[in-house]
Amino acid sequence: MIVSEPNTDHADSTGTDETTPTGSGLAAEKLRRLQRVDDLRGRGDNPYPYRFDRSHTLTEVRASHGDLEAGAETDDEVTVAGRIMLKRDTGKLVFATIQDRTDRIQLFISKGVIGDDAFADVKELDIGDWVGVHGTVMTTRAGELSVKTDRVELLSKAIRPLPDKWHGLTDTDTRFRQRYADLIVNDEARRHFRIRHEVISSFRRTLADEGFVEVETPVLHVEAGGAHARPFGTHHNALDMPLYLRIALELHLKRLIVGGMERVFEIGRVFRNEGISTRHNPEFTMMELYQAFADWTDVMAITERLITAAAQDALGTTVIEIRGEQVDLADPWPRVAMCDAVSDAVGSTVHPSQPVDDVRALADRHGVSYETSWGSGRIIEGLFEKLCEADIVRPTFVTGHPVEISPLARVDRNDPHVTERFELFVDARELANGYSELNDPVEQRLRFEEEQAAKEAGDAERGTVDEDYLRALEYGMPPTGGLGIGMDRVAMLLAGVDSIREVVLFPTLRPEQEIS
RNA sequence: GCGCCUCUAGCUCAACGGUAGAGCAGCGGGCUUUUAACCCGUUGGUUCAGGGUUCGAAACCCUGGGGGCGCACCA
C-alpha cells in the first residue's frame, strides 16, 4: 500500500510514480529500503546471502586488542559480523557501530581504503542492516578500538527502522509484543535473559553433580494434579477425550521414584489458568526434584545450594540487593514455623489443632476472609499470607504447613497437625516449596478423599483421587524428599526485576487487532 | 472481576480548551578521526476508536479497545 491520501496540491505524490518515494513515515521508509533491495538485485547482488564466515566475535577482538594505545594501527586481520546500530558520516569517512551478541565495535571506513564504489554502497547502508566486515584492528586518535574496514558485505537488509538509538523502546506493551526489537536495542532486556539462561544451566550442573537424572514427563494430563490451581483444558481429537495441561510435575516424578530412579528432576513448563500479575504468567517454568532416602531437611539444604550457585554463576557473586538491603545468599537461611509466625503476628498461640471457631474469630479480627468449608489449617495459611508474607525480605524457609493444605506431604514426626514441609520466601515472593513426601498409600488415599470431598463441596481448585498414583505408591516408594522451584522467580530475584514479564521472553498478552 | 493511571510522527517526548511541535530516524547539501558526531535545509499526523459538550477538543464528558499498577485470584 502506498500513499493513498487524496491531495490537491501535491498531486505528484499520489500518482503512478512509486519508484521515488517522497515523504517520511513508516510506509515511505519501508518503500525506500525495499527499493534498495531491488537495486541490489538489479545489479546482481544478493541482499540476503546464505552464509558468512567470521574469524572473531566482537568480544574476542576486544579481548585481544583492548589495550591498544590511541592512534595505533595493526596488521591483525579480522572478519566480524553484526548489526549496524549507529552510523556517523563525515563525508569521505564513515564510522559505523556494529553489534553482535557479545559486544559492539566501531568500523572505520575510509573512502581511500575501501574504494569509491564500495564506499558508495556503505553510504547506502541503513541502521539495522546486518553486515559482514573484513579489515585490520586499529584505534582512532580518540582511542576507540575499531576495525579499519577494507571489505563490507551486506548480510541482510533491514526493511523496518530500529527504535530510537538512544532511548530504545520504553512502551512496555511494545517491548513485550515486539521482543525482537526490545532485544536489539535494550541492553537491560538482553541482560535479564542472559541471567535466566545462567540460572537454568547452573541448576542443571548442580543437579548433575549430585547424581540427579533429568527426565521429561507428560504435559497433557487426564487429571491435573500435584497443586491447587485451575488448569487449562484441551481436547484430543483421535481419542475424543478432554485433556488438561499440567499444573505441576510432582505426581509423575514420584512415580519414577517408585520405579527406582532414586534421584530425578525436570525443568519444564506448567500452566495455570488464573490471574495475570507482575508475579504470575499463565505459563511458567518449574524445576522439581525428588531424592530417595532424603527428607525435608536435605531438600532445604539443596535449595540453598542451587540458588546460591545460580547467583554465583549468573552474577559472579552471592551478594545481592533486595529492597535496598545487601543479602549474602551464602549465609544460612533463617527458618520459621508458619504457626509461630502467625502466633507472633496475632499475639497469641495459633495452631491447627485449635477449634475452627477460635481460628475464625482470629481471622475476623484481622480482616482475613475464609470459606465455611475451610478448617483451622487453611485459615491459618490465610492469616500467614495476610499478616506475615509481605514482611519477609531475605531468604526464609517457612515450615510446618498444616496437614489440610498439604495433601501430598508427610505429617511431622513430632506433631500430627502439621507437615514436614517448607516454602522459601524471598522479597515477599514464594520461590520454592518442598517436603518429606507422603509415601503411605493408605494415608494418601485418605488425603485424596478429603481433597475430593472439598472439591465436591465447591472448592474448584482442590484435587481428586488419582488411582494410578495410589497404585504406584502401593508398589512402595522409598522415603523421599521433594522440591519445586519457580525458575522465573529465581531469575527475577537475580536480575533484580519486579515483573515476571522481564524474564519471560514472550509473556501472555491479548493479541493485537492490527499489526502495523 | 474491581479501582486508579496511561495511549500524540517509525522511536523518545511536548502542546493554560485557541493554527498539532521538538529531538532521533528518513530525505537533500557540507565535512577523512567521529562516537547519542556536528552544521544548513526538509518530508512525515485517523492525537487508540466511536459518540457528546463547545464558536472551537489531543485536552473536558460518555462508551469501547490496548497496556501498566494495585486489589481480588493465585499453597
Side-chain angles (χ1 to χ4, degrees), chain A residues 3 5 10 13 20-33 70-71 85-97 104-113 119 126-128 138-146 148 159-178 181 185 226-230 247-248 272-282 284 338 369 377-378 381-382 384-385 389 398 401-402 404-409 419 421-423 430 432-433 435 460-463 484 498-499 501 507 509-514 516:
Chain A
V3 187
E5 179 73 12
H10 291 96
S13 68
T20 54
T22 58
S24 183
L26 182 59
E29 175 73 11
K30 286 169 74 174
L31 201 58
R32 183 185 66 75
R33 294 184 183 216
M85 301 302 293
L86 297 168
K87 202 177 154 198
R88 298 174 290 279
D89 183 347
T90 71
K92 297 184 180 63
L93 188 60
V94 168
F95 298 92
T97 302
R104 289 181 170 201
I105 207 162
Q106 175 170 275
L107 306 180
F108 178 101
I109 309 170
S110 162
K111 187 175 187 180
V113 171
F119 195 72
D126 285 298
I127 289 173
M138 59 165 280
T139 51
T140 62
R141 285 176 200 161
E144 179 80 25
L145 185 66
S146 308
K148 187 174 183 181
I159 296 311
R160 184 179 289 262
L162 253 37
D164 190 279
K165 68 183 179 187
W166 185 243
H167 302 95
L169 276 177
T170 60
D171 183 67
T172 50
D173 185 26
T174 310
R175 286 187 51 228
F176 300 150
R177 288 187 194 282
Q178 299 187 37
V185 298
H228 286 156
R230 296 168 68 169
I247 58 174
R272 296 187 182 178
N273 203 342
E274 285 158 358
I276 296 178
S277 77
T278 49
R279 292 168 289 283
H280 301 265
N281 196 58
F284 61 101
M338 180 181 280
S369 58
R378 181 133 190 218
E381 182 193 32
F384 173 79
E385 288 170 356
E389 209 173 278
V398 175
H401 298 59
E404 180 185 355
I405 56 166
S406 312
L408 299 163
T419 54
R421 177 180 172 191
F422 68 89
E423 287 180 307
E430 181 199 342
N433 178 26
Y435 32 86
E461 281 140 24
R462 300 297 283 271
D498 291 325
S499 171
R501 295 186 185 91
L509 297 171
R510 283 196 172 79
E512 290 174 274
Q513 318 91 319
E514 198 179 339
S516 64

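Naming: A, B, ... by sequence-line order, numbering from 1 per chain. Hydrogens, waters and symmetry mates play no part in the numbers below; they use all other heavy atoms, side chains included.
- Residue-level contact check: A/Ala181 touches neither bases nor backbone, having no heavy atom under 4.0 Å from any strand.
- Residue contacts shown for A/Gly112 include a base, since a base heavy atom lies under 4.0 Å away.
- Note on A/Arg177 versus A/Asp173: salt bridge recorded, some NZ/NE/NH1/NH2 to OD/OE distance being below 4.0 Å.
- Atom pair A/Arg230:CZ and B/A72:P shows a separation of 17 Å (rounding to whole Å applied).
- With hydrogens and angles disregarded, a donor-acceptor distance shorter than 3.5 Å links the side chain of A/Asp89 to the backbone of A/Gly91.
- Among the protein residues, A/Arg175 comes within range of no part of the nucleic acid, since none of its heavy atoms lies under 4.0 Å from any strand.
- Salt bridge A/Arg32/A/Asp126: present, at least one basic N to carboxylate O contact under 4.0 Å.
- The nucleotide whose nearest atom lies closest to any side-chain atom of A/Leu26 is, among B/C31, B/G10, B/G26, B/G10.
- Between the side chain of A/Glu274 and the main chain of A/Arg230, a donor-acceptor pair closer than 3.5 Å is present.
- Using a 4.0 Å heavy-atom criterion, one finds that A/Thr170 contacts the sugar-phosphate atoms exclusively.
- A donor N or O paired with an acceptor N or O is found under 3.5 Å between the base of B/G23 and the side-chain atoms of A/Asp164.
- Residues A/Arg88 and A/Gln106 have side chains that bring a donor and an acceptor to within less than 3.5 angstrom of each other.
- Here A/Ser146 lies out of heavy-atom contact (under 4.0 Å) with every strand.
- At the heavy-atom level, A/Arg141 lies under 4.0 Å from base atoms of the strands shown.
- Whole-Å rounding puts the A/Ile276 CD1 to B/C71 P distance at 16 Å.
- Atom CG of A/Asp89 and atom P of B/G26 are 10 Å apart (whole Å).
- At a threshold of 4.0 angstrom between heavy atoms, the contacts of A/Thr90 include nucleobase atoms, whether or not backbone atoms are also involved.
- Between the CG atom of A/Leu107 and the P atom of B/U33 there is a distance of 17 Å, rounded to whole Å.
- If you check every strand for non-hydrogen atoms under 4.0 Å, A/Ala142 touches a base.
- For A/Arg177, the side-chain atoms get nearest to B/G67 when compared with the rest of B/C69, B/U35, B/G67.
- Rounded to whole Å, the distance from CD on A/Glu389 to P on B/C74 is 12 Å.
- Among the atoms of the strands shown, none is found under 4.0 Å from any heavy atom of A/Arg104.
- At the heavy-atom level, A/Glu144 lies under 4.0 Å from base atoms of the strands shown.
- Closest approach to the A/Arg88 side chain among B/U33, B/C74, B/U35 is made by B/U35 (side chain taken as heavy atoms from C-beta onward).
- The shortest distance between the side-chain N/O atoms of A/Lys165 and the OP1/OP2 oxygens of B/A37 is below 4.0 Å.
- Applying the Watson-Crick and G-U wobble criteria (two distances, each under 3.5 Å), B/G21 pairs with B/C13.
- Atoms CD (A/Glu423) and P (B/C74) sit 14 Å apart, rounded to a whole Å.
- To the nearest 0.5 Å, the span separating CD1 on A/Ile127 from CE on A/Met85 amounts to 8.5 Å.
- When the P atom of B/A37 is taken as reference, atom CZ of A/Phe108 falls 16 Å away, rounded to whole Å.
- At the heavy-atom level, A/Gly226 lies under 4.0 Å from base atoms of the strands shown.
- Rounded to whole angstrom, the span from the CZ atom of A/Arg32 across to the C1' atom of B/U43 amounts to 13 Å.
- Using the Watson-Crick or G-U wobble rule with both distances under 3.5 Å, B/A49 pairs with B/U63.
- Heavy atoms of A/Leu169 sit under 4.0 angstrom from primed sugar atoms or phosphate atoms, though from no base atom.
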